[in-house]
Amino acid sequence: MEQRTIAELRLNHSMLHTPNPSELSAFYKKALGMNVTRHGEKYICTNTERCIVLAEGKPKTLGFAAYACKNAGELEQLRQKISASGGKLEQSPSPVFDESAFSIRDPDGNTFVFGVHTEHRNGTDAQALPGRLQHVAFASDEPEKLLSFYTNTLGFLLADRVEEEGILKASFFNTDSEHHSLAIFTAAEKRLDHHCFEAIEWNAIRDWADYLAQYEIPLQWGPGRHGPGNNLFFMIRDPDGNWLEISAELEIITLDRPIGLWAHEQKTLNLWGQAFLRS
Ligand SMILES: [Fe+2]
């Protein structure tokens, strides 16, 4: 049985770069019912369980993904574990976490921030639906390097892998009992793939689709059900083209669950039908 050696972590917030943070924040306010506040040049969009920070820069690029430990003691343990595993720690760029947070870059240059759990301000829209920021996914042309870094240096656990003739095509990592809080898809390039908001149950998927329809924000993929994670989902795009996923019923796993192996085919990524294969 694989033993967890680090604290439990959950994705707490992320920062996206965009050419126009003000304009994009208006979309997050409308589409995701977020409250928008300024922190210098940055826009912080929050609604209780979700937080996206927007900063000026190249569109569709990640500033950082910030994971939270439950308390300062677990964060210190994590810092020591990552240092002992050879990780090069840097200062936290997050305007949300306190000064105890730190960051580290993966082999593709994606920045991970680790800090102590921070509650987010409620949104302004009372009708806003449940949707905790739950996972982030990257595409990469060197996924094995990332897999090694996430498991050996960060201590994340591999939940499932998708293969084609022994070649890694996707991998899903858990940091608590939820099936994945991080995923990698093999692709021709290194890039951000998507962020996901967990809405708990199927009726919320319907309610989200109806809510977004009011603003004529179309579903781009789904509804469907992923194989790995067994979650119901649909995807939309923000005005910059970032994929946003609304999910429900994500699989809950135990630490002794064997790593799942899936074939690289459409039904793995969507048991109900058409899928978006990145490679
Ligand atoms: Fe996802």
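Just follow the structure's listing: the first ligand is 1, and inside any ligand the first atom is 1.
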* When the aromatic ring centroids of F97 and H13 are compared, is their separation below 6.0 Å? -> yes
* Heteroatom test (N, O or S) for H135 near the Fe ion (ligand 1), limit 2.8 Å -> yes
* According to a 4.5 Å side-chain heavy-atom criterion applied to Ile, Leu, Val, Met, Phe, Trp and Tyr, with indirect links allowed, do L244 and V136 form part of one hydrophobic cluster? -> yes
* Can you tell which of F112, Y67, F172 makes a ring pair (Phe, Tyr, Trp, His ring centres under 6.0 Å) with Y150? -> F112
* Hphob cluster co-occupancy, L78 + F64, side-chain heavy atoms under 4.5 angstrom -> no
* Asked: Does C196 bring an N, O or S atom to within less than 2.8 Å of the Fe ion (ligand 1)?
  -> no
* Using a cut-off of strictly less than 2.8 Å, determine whether E245 has an N/O/S atom near the Fe ion (ligand 1). => yes
